[in-house]
Amino acid sequence: MNAPLPTPFFARPAAEVAADLIGCTLTVGEAGGLIVETEAYDGTDPASHSVKGPTRRNASMFGPPAHAYVYRSYGMHWCLNLVCEPASAVLIRAIEPAFGIEAMEHRRGLSTRHLLCAGPGRLTQALGITGADDGRPLAEAGFAVMTAAGPVDVVADRRIGISQAVERPWRFLAAGSRFVSRPPTRDALPWRVPR
DNA sequence: AACCCGATTTACT
DNA sequence: GTAAATCGGGTTA
């Protein structure tokens, strides 16, 4: 059935991995769900933390693939990325909650279902991800991404919250999902359509 | 200063 | 229901 994604899956350009992750299942401890929104960042990318080379914060982006890069955003949220090729990673922006929902609701405080994991900060709060998870390898017990159950209709759009390289269509969404942080814009591109 | 954001309020279709 | 405005708040380089 759903096998864990192997390390070579991640050892590719982040934009490819980001698109292919849509529809896969993220598991953190007892909770998880279907990945419905991602963004790619790489070493040639002015919007990426890695563009100026390694620093203490972004060290994980230069480490092995299939590991977590977790950083603090705006002083109060954590953001979860999965490392791909050197200096690149995929930001996990939203999942459709599938299991461990009570645990996630408890960590988030009462929040409506479609907002439980809709956004990078909400998602890490729901899953209990913090800076302590930076550098953590996938496939460690209770931390995994599983293959998609079936083909998923994916669209590509502009990334959110950046001021550099805004035109790169490196945000990927499950078409029609109600669990994304923001719906696609008018100029979102069809990316991969199941046949 | 700038930042890969979220919760809340206020205002509109 | 979307859209804009506002504030909160740590860390980076």
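Every chain is numbered from 1, with letters handed out A, B, ... down the list of sequences. All values below were derived from every heavy atom in this structure, side-chain atoms included, with hydrogens, water molecules and symmetry-related copies excluded.
Checked against B/dG6, B/dC4, C/dG9, the side chain of A/Arg122 finds its nearest nucleotide in B/dG6.
Searching all strands for a Watson-Crick or G-U wobble partner of C/dG9 with both distances below 3.5 Å returns nothing. Figure legend. B/dC4 is base-paired to no nucleotide; pairs are counted as Watson-Crick or G-U wobble with both atom distances under 3.5 Å.
For B/dC4, one of the phosphate oxygens OP1 or OP2 lies less than 4.0 angstrom from a side-chain nitrogen or oxygen of A/His49. A/Ser163 has a side-chain polar atom (N or O) that falls below the 4.0 Å cut-off from OP1 or OP2 of B/dC3. At the phosphate of B/dC5, OP1 or OP2 sits under 4.0 Å from a side-chain N or O atom of A/Arg93. Dashed line: the shortest gap from a side-chain N or O of A/Ser48 to OP1 or OP2 of B/dC4 is not under 4.0 Å.
Only one option out of A/Thr25, A/Thr27, A/Ile35 pairs with A/Val145 in a side-chain contact (heavy atoms from CB on, under 4.5 Å); it is A/Ile35. Under the side-chain contact (heavy atoms from CB on, under 4.5 Å) test applied with A/Leu80, the options A/Asp134, A/Leu26, A/Leu91, A/Val90 reduce to a single match, A/Leu26.
Looking at A/Asp157 and A/Thr185, their side chains do bring a donor and an acceptor atom within 3.5 Å of each other.
Here B/dG6 presents its C1' atom at 14 Å from CD of A/Glu37, a figure rounded to the nearest Å. Spacing between atom CG of A/Leu115 and atom P of B/dT8 amounts to 11 Å, rounded to whole angstrom units. Atoms CD (A/Glu39) and C1' (B/dC3) sit 14 Å apart, rounded to a whole Å. Distance A/Met76 CE to C/dC7 P: 13 Å, rounded to the nearest Å. The interatomic distance linking A/Arg159 (CZ) with B/dC3 (P) rounds to 13 Å, in whole Å.
The local environment of CD in A/Glu167 is crowded, with over 12 non-hydrogen atoms from other residues, nucleotides or ligands closer than 6.0 Å. Residue A/Arg182 qualifies as open at atom CZ: its count of foreign heavy atoms under 6.0 Å is 12 or below.
Nucleic acid contact class of A/Arg57 (heavy atoms, under 4.0 Å, all strands): sugar-phosphate only.
Each of A/Asn81 and A/Arg108 was matched to the nucleotide of DNA chain B holding its nearest heavy atom; the match closer to the 5' end belongs to A/Asn81.
In the interface, the side chain of A/Tyr71 is paired with the base of B/dC4 through a donor and an acceptor atom under 3.5 Å apart.
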